[in-house]
Amino acid sequence: MGNVRVRFAPSPTGYLHVGGARTALFNWLFARHHKGAFILRIEDTDRTRSTEEAIDQIKESLRWLGLDWDEYYRQTDRIDRHRGVAQFLLEKGVAYESEGAIWFRVPRSGSTVVEDLILGRVEFSNSEFKDFVILRSDGTPTYNFACVVDDHDMGMTHVIRGDEHMNNTPKQLWIYGALGWEPPAFAHIPLILGPDRTKLSKRHGAVSVLEYRRRGFLPEALVNFLARLGWSHGDQEIFSREELIRYFDLDGVGTSAAVFDEAKLLWLNHEWLKRTDLDKLADLLAEYIVQEGIATREEVEALGRSRLRRAAGLLRERNKTLVDMARAARFLFPRPLPLPPEAGEILRPELAAPLERIAAALEALDDFSPETVERAIREVLAELGLPLKAVAQAVRVVVTGRTVSPGLFDVISLAGKENVVRRLRTASRELQDRVK
RNA sequence: GUCCCCGUCGUCUAGCGGUCUAGGAUCCCGGUCUUUCAAGCCGGAGGCGGGGGUUCGAAUCCCCCCGGGGACACCA
C-alpha cells in the first residue's frame, strides 16, 4: 500500500485518555507499518471547550508514548477554507441557511452504505438522519464538516477511528459526495470499556495517559498493552515497538469491545521493567525516587551511578511499577527508617546480642560485596549456633524497614556499611532497653 | 425509544467447517525453590449466551431470541 496517510484528530478539551491513545497508536502503527505519514490534527473548532493546556498535554502524552507525528495542524487555522467550502455548498443548493447557521440537506430517502475495513458492509437508511449544521451561527465549522474538508485537503487515505463515530460516517460520505471528492477508506475500531463494561471514562479512575506515567508505568508497557486491546498477532503477548510496527495491520484488529484490565497492564509493566536497559532504568528510578519524595535529587546523586544501577536491577525483580521500586528504595538513604507494624513481632529481645555481633562483624569488613557480607554473617551465626532463618527477618526489617526485600545479603551490601551498622546497633540497643 | 455495532475462560485473546475432549496470556488456587516476597518451574480451577437451521461434520455459515455497548448536539 503506497502513500498511506492517516491522522489522529483529538479535540483539546481535556487530557489524552487511554482510549484516545489507543486510537492514536493504531493510526501511528498503521502509518509506520506502511511507511506512510502520521498526522496530528487538533480539532479545536469548539472554541469554548478547547484549551492550550489540553493541546500541550496531548502532545506531551503522545511524545511520552513515542508516537511521533510527521505533520501538525490546527483546525481553527483553516477556518477560512471551511467557510469557503460551506459557502460553495450553499450556492450549490445542497446546504441552506437557517437562523444564522448553515445546514446540510440530508437525502430524504434511500440508503447509504459504508464499506468499513474492519466491520465490513454497514447500511444506513437515510431517513434515520436529520439535516445537520455544518457551519455554526458564529461562523465556526462543526465536526462532521471540518473533518471532511480537512481529511480531503490533507490527503488522508484511511480514517481509523473509534466505533462511536460509525454513524457519523454516512453524513461525511454525503459531504464528500456533494463536493465530488473521493472519500478515504474507513476503519472503525472497537471501543475500550471500563470494568463495568461502559465506555471508558474518568469515572473509571485513572484513564489519563500522563496519570499512568506518574504512577510508574513504562511507555513500552502501556503501548504494548494498548496494542493488544483489540488487536492480536497469534498468541504473542509481548511486543517491542519494532515488532508492533512489523506486525500491525488492520486484519489483526478485532470487532468486539475490550475491557481495560489493569492487572494485566501491571504484569506487562513488570515484564518491561525486567527488559529495560539497566542504565536507563537507573535514571528512571532516580526520577521516581525524587517524585515520590523518598529522597532529594542531591541524595540520589550522592548514591552514585553504580549503586543506583544495582538497586534498579534488584528492585525490578519484585516490583511492578517505578513508583513501587522507588518506595522500596528508601533503605538506600541515610535516613531513619520507619518500621512496619510486624517489626515488633520480628524483633524479639533475645536478638539484641546477635544483631550486635553481626553489626560488629560487618563493621570490620573492608569489602562490602554481597559475598563478603554473607560469609561474615554466616560465620557469626555458626559461632552463635543459630540458623540464618533465626535472624534473617530481623536483619531484613532493620536494614530495609520492610518485611519483604531482595536477597538479604544483596540488600545489606547495597545499603552500605554505614547505614547497616548504624541501623543494627540502634535496633540492638532498643531491644536491650526493652528488656530492662 | 430509534439506528448501528458486538457476543470464545472473570479479563485480553487464538480459532477464519473437520487437526477443538477449544489453545495462549492475565488473574485466582495448590506445589516446588527459599533468608522474606516475588520471579522461575510444575499442577489445578475457569469459556464457545440460548434456540432453530445448513452440512457427513459448526466455536466457525444463516435466521430468531436474549444480553452488552455505542450513537441519536450550532461536542468531537
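Chain naming here is simple, since letters A, B, ... match the order of the sequence lines and numbering starts at 1 in each.
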Give a yes/no answer on whether the side chain of A:S256 brings an N or O atom under 4.0 Å of OP1 or OP2 in B:C5. no
A:K264 has a side chain; which of B:G7, B:G24, B:U36 sits nearest to it? B:G24
Would you confirm whether the ring centroid of A:W231 sits within less than 6.0 angstrom of the ring centroid of A:F248? yes
Describe the nucleic acid contact of A:H188 in one word from base, sugar-phosphate, nothing, applying a heavy-atom distance below 4.0 Å. nothing
With a cut-off of less than 4.0 Å, is there a side-chain N or O of A:T45 near OP1 or OP2 of B:A76? yes
Hey, does the side-chain of A:D163 have a donor or acceptor N/O within less than 3.5 Å of a partner on the base of B:G70? no
Do the side-chain N or O atoms of A:S232 get closer than 4.0 angstrom to the phosphate oxygens (OP1, OP2) of B:A14? yes
Looking only at N and O atoms, is any donor in the side chain of A:E237 or the base of B:G24 less than 3.5 Å from an acceptor on the other one? yes
With a 3.5 angstrom cut-off on both distances, give the Watson-Crick or G-U wobble partner of B:G10, or none if there isn't one. B:U26
Closest-nucleotide mapping onto RNA chain B: is A:N168 or A:R22 further toward the 5' terminus? I mean the 5' end. A:R22
What distance, rounded to whole Å, do you find between the two P atoms, one in B:C3 and one in B:G18? 36 Å
Give A:T142 one of three labels, base, sugar-phosphate or nothing, depending on what nucleic acid heavy atoms sit under 4.0 Å from its own. sugar-phosphate
Between B:G46 and B:G24, how many Å separate the two C1' atoms, rounded to a whole number? 14 Å
Listed in order of residue number, which residues of residues 70-107 of chain A have a non-hydrogen atom at under 4.0 Å from RNA chain B? A:E99, A:A101, A:W103
Atom CD1 of A:I118 and atom C1' of B:C4: how far apart are they, to the nearest Å? 15 Å
The Watson-Crick or G-U wobble partner of B:U35, with both key distances under 3.5 Å, is none
If you measure from the C1' atom in B:G53 to the same atom in B:A71, how many Å do you get, rounded? 33 Å
Test your reading of the model: is there a side-chain donor-acceptor pair from A:R74 to the backbone of A:R41, 3.5 Å cut-off? no
Using ring centroids (six-membered ring only for Trp), state whether A:F104 and A:Y96 fall under 6.0 Å. no
For atom P, what is the distance between B:G68 and B:U60, given to the nearest Å? 22 Å
Distance between P atoms of B:U26 and B:C42 (Å, rounded): 12 Å
Sticking with atom C1', work out how far B:G7 lies from B:G49, rounded to a whole angstrom. 7 Å
Say you pick atom P in B:C6 and the same atom in B:G30; how far apart are they, in whole Å? 41 Å
Just to be sure I understand the rule, does A:E164 reach a base, reach only the sugar-phosphate, or reach nothing, if contact means heavy atoms closer than 4.0 Å? sugar-phosphate
Taking B:C16 as the reference, what is the distance to B:C65 when you measure between their P atoms (whole Å, please)? 29 Å
Heavy atom of residues 373-387 of chain A under 4.0 Å from RNA chain B: which residues? none
Within the modelled atom types, does a donor on one side and an acceptor on the other bring the side chain of A:S137 and the base of B:C74 under 3.5 Å apart? yes
